[in-house]
Amino acid sequence: MFKKNRHGIQIKSAEQLEKMRAAGLVVARTLELLRTSVRAGMTPLDLDAIAEEAIRGEGAIPSFKGYQGFPATICASVNDEVVHGIPTRNRALCEGDIISIDCGAILDGWHGDSAITVGIGEVDPALTELMRVTEEAMWRGIGALRVGGHLSDIGHQVEQYVRSQGRYGIPQEYGGHGIGTEMHMDPWVANHGRPGRGPRFEVGMCLAIEPMVNLGTDRTKVLADDWTVVTVDGRASAHFEHSVAVTENGPLVLTALDGGASRFPGVGAGQGESVS
């Protein structure tokens, strides 16, 4: 039996959050392995094989593989690909590329979902700044997950920060989501909007916060594979994501190795000891 609030959002018990944390750590360790493994000359399919072996090696299941027909363990989106890139061996990564790696795992029926964007070798300073802005925007959104706050506070924090940093595009049609016994659950989490709207945050809510930020326009299109989303102007995009739980002490970052303690001191998330 899984508790839901009056908005239909799944509310996790302390024990269930421990299981969410375990699934999140599988994803965190896998992404860290991919971060340190990626280099020029590799293909996205090489990274996919590393990810699948790592996830299954921990007794977990890749949550993306087979999801609505998706054929791979990770989404690998290179340069102008925003999200949902299908890993192939048709294109080797080159010095100066950036690649967004989105990864999910299921452990004991619970999901973890996270994404990073990584530069290959020396990249253009504008791309380095794009990645920094996107990651910081994610953390600003995560910081809004405080008991009593509103769902739209996340998107407001993301948008306000991105807009303060320059002329970037924020794709309006893509955002985060609830997570728990399914990868995608209510509510949808926008990366833009006014604060103080929507359901209030409660202890035990778990959300995936994932801003995507484009170097140019916010307009996107889906390629013929029906998955890969690209910018219409061909300019680069970055994507960062964490799965996060609302606790009495602040946001517990389920897919961060330190639980987000370096960003939110006092949450005490290293082993999930303060999740209620």
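Computed from heavy atoms alone, side chains included, the values below leave out hydrogens, waters and symmetry copies. If you read the sequence from its start, that first residue is 1, and numbering goes on from there. Bear in mind that the values here come from a model prediction, so they are computed numbers and not experimental data.
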Q. Hey, any chance Val83 and Ile101 share a hydrophobic cluster, counting ILVMFWY side chains that come within less than 4.5 Å of each other, even indirectly?
A. no
Q | Closest non-hydrogen atom pair, Leu25 against Ala256 | A | CD2-O, 4.1 Å
Q | Exercise: identify the closest heavy-atom pair between Val158 and Gly141 | A | CG2-CA, 4.0 Å
Q) Does Ser152 use its side chain to pair, donor to acceptor, with the backbone of Arg197 at less than 3.5 Å? A) yes
Q) Any donor-acceptor pair under 3.5 Å linking the side chain of Arg163 with the backbone of Tyr168? A) yes
**Q.** Nearest-0.5 Å distance, CD1 of residue Ile120 to CG of residue Leu127
**A.** 11.5 Å
Q.
Is the shortest side-chain heavy-atom distance between Asp102 and Ile116 below 4.5 Å?
A. no
Q | Whether over 12 other heavy atoms sit under 6.0 Å from Glu53 CD | A | no
Q. Measuring from Ile74:CD1 to Asp48:CG, what's the distance to the nearest 0.5 Å?
A. 5.0 Å
**Q.** Spatial distance of atom CZ (Arg235) from atom CG (Asn214) [nearest 0.5 Å]
**A.** 10.0 Å
Q.
Looking at Arg91 and Glu81, is there a salt bridge between them, counting it only when a charged N and a carboxylate O are closer than 4.0 Å?
A. yes
Q. Would you say Glu159 and Asn191 make side-chain contact, with heavy atoms under 4.5 Å?
A. no
Q) Is Arg132 paired with Glu129 through a side-chain N to carboxylate O contact shorter than 4.0 Å? A) yes
Q.
Could you check whether any side-chain heavy atom of Asp218 comes within less than 4.5 Å of a side-chain heavy atom of Gln172, counting everything from C-beta outward?
A. yes
Q: Quick one: pull up CZ in Phe64 and SG in Cys103 and give me the separation to the nearest 0.5 Å.
A: 6.5 Å
Q: Starting from the C-alpha separation in whole Å, work towards a yes-or-no answer on side chain to side chain contact (heavy atoms under 4.5 Å, CB included) for Asn79 and Ile98.
A: CA-CA 5 Å; Asn79 295 336; Ile98 63 172; 3.9 Å; yes
Q: Go through the steps for Met20 and Ile179 under the test side chain to side chain contact (heavy atoms under 4.5 Å, CB included), then give the verdict.
A: CA-CA 9 Å; Met20 289 282 293; Ile179 188 168; 4.0 Å; yes
**Q.** Main-chain N/O of Gly148 paired to Arg200 side chain as donor or acceptor, under 3.5 Å
**A.** yes
Q) How close do Pro62 and Ile55 get, heavy atom to heavy atom, and via which atoms? A) N-CG2, 3.7 Å
Q) Are any side-chain N or O atoms of His84 and backbone N or O atoms of Val229, one a donor and one an acceptor, separated by less than 3.5 Å? A) no
Q: Could you tell me whether Arg56 and Glu52 make a salt bridge, using a distance below 4.0 angstrom between a side-chain N and a carboxylate O?
A: yes
Q. Which atoms form the tightest heavy-atom contact between Ile9 and Asp186, and what is the distance?
A. CG2-O, 4.0 Å
Q: Treat each ILVMFWY residue as a node, draw an edge where side-chain heavy atoms are under 4.5 Å apart, and state whether Ile50 and Ile99 are in one component.
A: yes
Q: Check whether Val133 and Leu130 end up in the same hydrophobic cluster, where Ile, Leu, Val, Met, Phe, Trp and Tyr are linked by side-chain heavy atoms less than 4.5 Å apart.
A: yes
Q | Trace of the side-chain hydrogen bond (donor to acceptor under 3.5 Å, both in side chains) decision for His184 with Tyr67 | A | CA-CA 11 Å; His184 294 134; Tyr67 179 76; 2.8 Å; yes
Q: Answer yes or no: is there a donor N or O on one side and an acceptor on the other, between the side chain of Ser237 and the main chain of Val213, under 3.5 Å?
A: yes
Q) Just by distance, do the side chain of Ser243 and the backbone of Asp113 share a donor-acceptor pair under 3.5 Å? A) yes
Q. Is there a side-chain contact between Leu207 and Val244 (heavy atoms, below 4.5 Å)?
A. no
Q. In terms of the angle between their ring planes, are Trp139 and His242 parallel, tilted or perpendicular, with boundaries placed at 30° and 60°?
A. tilted
Q.
A quick test of your reading: do over 12 heavy atoms of other residues, nucleotides or ligands sit less than 6.0 Å from CD of Glu173?
A. yes
Q. If you look at every heavy atom in Gly112 and Val27, which pair is closest and at what distance?
A. O-CG2, 3.5 Å
Q. Any salt bridge between Glu136 and Arg263, counting N to O under 4.0 Å?
A. yes
Q.
The test is side chain to side chain contact (heavy atoms under 4.5 Å, CB included); show your working for Met183 and His111 and say whether it passes.
A. CA-CA 6 Å; Met183 179 165 58; His111 287 255; 3.6 Å; yes
Q. Does Leu33 belong to the same Ile/Leu/Val/Met/Phe/Trp/Tyr cluster as Phe240, with side-chain heavy atoms less than 4.5 Å apart forming each link?
A. yes
Q. With distance as the sole test, does Thr117 use its side chain to make a donor-acceptor pair with the main-chain N or O of Met131 at under 3.5 Å?
A. no
Q) Is there a path from Val203 to Leu151 through hydrophobic residues (I, L, V, M, F, W, Y) whose side chains come within less than 4.5 Å of each other? A) yes
Q) Does any non-hydrogen side-chain atom of Arg219 lie less than 4.5 Å from one of Asp233? A) no
Q) Given side chains that start at C-beta, do those of Thr228 and Val222 come closer than 4.5 Å, heavy atoms only? A) no
**Q.** Any donor-acceptor pair under 3.5 Å from Asp153 side chain to Ala144 backbone
**A.** no
Q | Inter-residue atom distance Leu47.CG - Leu34.CG, 0.5 Å rounding | A | 6.0 Å
Q.
Is any side-chain heavy atom of Ile209 closer than 4.5 Å to one of Leu145?
A. yes
Q) Is there a side-chain contact between His177 and Glu210, using heavy atoms and a 4.5 Å cut-off? A) yes
Q | Exercise: identify the closest heavy-atom pair between Ala105 and Ala23 | A | O-CB, 4.4 Å
Q.
If the threshold is 4.0 Å, N to carboxylate O, is there a salt bridge linking Glu32 and Arg29?
A. no
Q | Polar side-chain atom of Glu241 near backbone of His239 as donor-acceptor pair, under 3.5 Å | A | no
Q.
Quick check against the 3.5 Å criterion: does Arg21 have a side-chain atom that pairs as donor or acceptor with the backbone of Leu254?
A. yes
Q: For Phe201 and Ile154, run side chain to side chain contact (heavy atoms under 4.5 Å, CB included): C-alpha distance rounded to whole Å, both residues' side-chain angles, the deciding distance at 0.1 Å, then the answer.
A: CA-CA 11 Å; Phe201 297 127; Ile154 297 170; 3.7 Å; yes
Q. Atom NE2 in His192, atom CD1 in Ile170: separation rounded to 0.5 Å?
A. 8.0 Å
